[in-house]
Amino acid sequence: MPRQFIIPDKAKCLGCCTCLAACMLTHREEGAVPCPRLFLTPTAQGSVPLQCRQCDQAPCAEVCPVHAFEVQGEVVVLNEKKCVGCGICVLACPIGCIEIQAARQTAATGITLTTSILLPLTRSEQDEKKMRKIAVKCDMCYFRPEGPACVKVCPTEALRLVDEEDIRFWNLQRRQAYASSIGFQGAAE
Amino acid sequence: MTVHRVRTICPYCGVGCGLYLLVEQGRIVGVEADPEHPVSRGGLCLKGYYGYNHVGDPRRLQTPLIRKDGMLVPATWNEALNFIAEHLIRVRRQDPDAFALIASAKGTNEDSFAAQKFARVVMGTNNVDCCARLCHAPSVAGLAPTLGSAATTNTIEEIGSVTETIFIIGSNTSECHPLVAAHVIKARERGAKLIVADPRHTEMAARADIWLRVPVGGNIPLINGIMHILVRDGLINTIRVNRMAAGFDALAANLAEWTPERVENITGVPRADLQAAAHLYGKASTAAILYAMGVTQFANGTDNVLALANLAIITGHLGRSGTGLFPLRGQNNIQGTCDMGCLPDFLPGYVHVGSSPKQTRFSQAWSVKPPSKPGIRATEISEGIMQGKIRVLYVFGANPVLSGPDTGYLMKALERLDLLIVQDIFLTETARLAGIVLPAACAAEKDGTFTNTERRIQRVRMAVPPPGDARPDWRIFSELAREMGSSAFPYRSPEEIWGEIRLLIPERFGGVAYKRLDDGSGILWPCPDEAHPGTPILYSDNVFLTPSGKAQLKPVPIDPEQTSVGIVEKPDKNYPFVLTTGRRVYHYHTGTITRKEWVLSQMGPEELVEINPEDGRRKGIGNGDLVHVCTRRGLINARAWITDRVPPGTIFMTFHFWEAPVNELTGRVQDPVCGIPELKASAADIKSISSVDARMIRRQKKERYLVSLEAPVNRQM
């Protein structure tokens with residue numbers, strides 16, 4: 001069964017990073033590591049946020065030695081409590097949308113990140129030892145009744161929630177376009 | 001728990017997006033976008049959505065602070081106002097021009113009006129300026145004589161819905177004005193073409209149909225080259241140009257020299273690209289130019305703006321829907337602060353301080369003749385202090401110690417002052433050096449109006465009370481004026497101040513009543529009476545606000561023999577790089593507010609120097625390495641970001657971080673016309689350094705600036 005996932009619309013994304021901020025804040029409340037679960041990917045045509053496609057035969061889930069990936073509804077969710085941070089899922093992900101991130105506890109702010117989204121930079125080896133490293137991936141904000149936070153805040157509606165019905169609709173459209181190209185004009189229900 | 005929704009305007013950039021602050025038990029708990037707002041239409045950027053926690057931050061200033069035995073200690077308002085009044089009365093008696101005021105572009109129109117009125121009426125000096133000196137002073141100097149007004153000509157919404165060709169030059173629109181970029185994206189979706197001229201591969205450059213990688217300082221050759229092609233290819237309707245503008249023959253003569261070949265030699269922009277861009281802009285039925293600091297922050301910033309004005313005039317892309325010039329303003333109320341006369345040579349409403357017949361209305365209303373000698377510019381203040389001319393400086397909502405230029409020199413100058421008064425919401429790097437600090441209310445804690453980059457006057461509403469004893473800026477100026485024996489500040493509310501503004505400048509603001517702003521869409525000035533709907537498009541029917549009613553074409557540059565880009569401090573053997581400065585989307589200016597926001601400072605935790613991979617290889621610098629960056633004025637360190645965003649030979653830094661205060665490096669060389677410093681180009685060098693050296697430099701900066709890491713001042717004491 002096809003699952004739900006989010007794709008960026010190339011024509012609409014302006015590269016403003018609002019989605020990343022929303023993701024980060026949402027996962028500060030829910031989740032072990034308050035890092036964005038979308039990854040800003042630089043391209044010659046501009047940066048684009050990419051995230052997990054919630055694969056049906058999810059390679060991350062297949063390779064995880066501690067079975068930390070669970071299917072909840074239509075979403076592949078990583079149980080962050082189980083994750084041991086081995087990183088094998090990062091290697092397995094065909095689209096590179098899982099990353100190992102680290103966080104450490106500080107008294108003042110709760111959790112402090114040690115990476116910049118622009119450029120992962122570790123401060124010093126000493127700091128690194130204090131961190132708990134785990135995998136992070138998009139969980140579609142399954143805990144939010146109003147749906148994924150990134151989709152909600154995007155000022156140009158460039159992030160799109162795709163579900164089974166969308167795919168069915170697009171497929172039908174494409175078939176109708178193809179049909180008309182070979183002489184069958186006009187759409188019908 | 002009940003949550004109140006307070007409709008107000010975003011306090012960050014000049015776009016002025018609409019939002020609702022969600023207030024629970026006197027605290028802001030969230031932000032919702034305003035779906036009906038004419039510009040943002042239910043969208044906000046990350047600063048708009050998540051940049052509200054500074055309002056309730058425990059580090060907010062809550063009482064006045066007076067320096068005693070070298071320490072800033074809490075004081076009552078009575079003590080503080082007495083102290084300042086005593087000092088200022090003495091200065092006023094001896095030499096009013098020894099006082100200077102830097103006004104905030106983040107306050108409301110009412111705050112700005114009160115500030116300049118305080119300087120002019122109470123102190124008797126025109127020494128009042130604002131950060132427009134560092135951003136759009138060239139727009140004022142360049143657009144006022146050519147078109148008649150420095151303001152944006154059209155509304156942002158038209159870019160999205162009407163414009164055929166959008167030409168962005170010197171603006172990192174996605175990061176600095178995301179909701180303007182959203183309209184550009186909307187335009188692209190309906191088939192509009194986008195030309196971007198920028199040395200950096202910005203997000204907008206990446207999305208452009210044509211990207212002209214003009215080198216830093218190459219704007220004038222580029223724009224002249226575009227105009228040359230338009231004239232050469234017969235795309236200029238000379239009859240129309242001569243009807244609406246004066247000076248076309250002189251311009252055409254100047255343009256003859258600017259062949260695409262010569263432009264290619266100077267800028268490296270391929271002539272084919274230049275021609276394609278020229279034709280896209282020139283042939284479009286509607287075309288708009290968006291520009292920002294990449295045009296203005298040069299020693300020839302005024303000439304840059306003149307060149308753009310020439311281009312818009314000769315192509316006739318003015319005065320109709322979807323056309324025009326958009327100088328994108330960086331601060332929420334920089335347009336309003338200039339409108340309110342926080343400029344050393346203009347009274348409110350751009351009435352010249354010299355002999356203007358309109359001046360009488362000010363002398364009548366204020367019962368004092370405003371001083372007629374133009375005041376000192378913000379960028380001349382450090383020099384003025386060094387020469388002993390300025391002895392008291394009043395900084396209201398600004399942080400010049402980080403916003404520069406050449407802050408090392410400025411900090412030396414500040415030490416020589418008799419008194420530095422700083423009025424702000426946090427103990428900024430500048431406030432830390434003050435003799436007295438006054439706690440102000442922030443935008444969420446007061447009523448008033450902001451004017452956005454389109455000239456849209458919008459209502460700002462109080463959502464929560466100010467912390468402790470903090471007060472709105474207009475009230476502080478009013479109380480100080482009363483303390484100094486002035487009866488010109490009888491205001492009990494911002495609306496009364498606005499009433500005075502409407503009476504003084506009826507041709508622009510006469511019809512803008514507070515009650516008309518309640519529907520949330522604002523009114524674009526000029527709006528002379530209450531039946532007037534406001535003016536979305538300036539110069540319709542091609543009638544300009546110049547004395548003759550015609551636009552004035554002014555050929556640039558003065559030196560037609562120019563063979564290289566127009567920057568003053570060119571790279572040389574010792575300083576082989578061009579250092580250019582700007583902003584990132586996560587932070588706002590000197591980071592006073594945004595660096596106190598958890599999510600924003602996590603996304604942009606530290607300064608990164610953008611270095612081209614070629615330069616990185618040559619210099620042995622890898623991604624993430626610690627480097628020091630130096631110019632003739634100073635040395636700072638940061639981490640390297642090896643990226644194609646910058647061209648070889650150019651490095652880029654922001655001024656958000658005190659740890660890497662880039663304005664220690666920028667120079668004081670200024671535009672002779674308007675006094676803007678050349679913040680966009682300094683000759684610099686970079687070198688990989690060890691973490692030991694980096695720590696040492698960091699320690700020095702910490703001693704110099706440390707503020708944001710300090711424990712909350714008021715709790716500590």
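So that the names make sense, note that chain A is the first sequence line, chain B the second, and so on, each numbered from 1. Just the heavy atoms: all of them, side chains too, but no hydrogens, waters or symmetry mates, feed the values below.
Heavy atoms from other residues, nucleotides or ligands lying under 6.0 Å from CZ of R27(B) number 12 at most.
Taking SG of C16(A) as the start and CD1 of I185(B) as the end, the distance is 9.5 Å to the nearest 0.5 Å.
The side-chain heavy atoms of S47(A) and E203(B), taken from C-beta on, include a pair separated by under 4.5 Å. Side-chain contact between L20(A) and M603(B): present, with at least one pair of heavy atoms (C-beta onward) separated by less than 4.5 Å. Looking at heavy atoms from C-beta onward, R28(A) lies in side-chain contact with W598(B) at the 4.5 angstrom threshold. Put simply, the side chain of Q45(A) does not reach to within 4.5 Å of the side chain of R207(B), judged on heavy atoms. Within the 4.5 Å cutoff, the side chain of Y49(B) has no heavy atoms near those of the K152(A) side chain.
For the pair A206(B) and G46(A), the tightest heavy-atom approach, listed with the atom from each and the gap, is CB-N, 3.1 Å.
Checked by atom type and distance alone, the side chain of T18(A) never pairs as donor or acceptor with a backbone atom of C45(B) at under 3.5 Å. Between the S174(B) side chain and the G15(A) main chain, no donor and acceptor come within less than 3.5 Å of each other.
Ranked by non-hydrogen atom pairs under 4.5 Å with chain B, the options C13(A), P155(A), A21(A) are led by A21(A). For the set H201(B), R188(B), E175(B), the count of heavy-atom pairs under 4.5 angstrom toward chain A peaks at H201(B). Among S40(B), A181(B), A33(B), G48(B), the residue making the largest number of heavy-atom pairs under 4.5 Å with chain A is A181(B). Put simply, of V153(A), T43(A), L25(A), the one with the most heavy-atom pairs under 4.5 Å next to chain B is V153(A).
Proximity to chain B (any heavy atom under 4.5 Å) is shown, for C19(A), by neither the backbone nor the side chain. With a 4.5 angstrom heavy-atom cutoff, V585(B) touches chain A only via side-chain atoms. With a threshold of 4.5 angstrom between heavy atoms, A158(A) does not approach chain B through any atom at all. Only the side chain of L179(B) comes within contact range of chain A, judged by heavy atoms closer than 4.5 Å.
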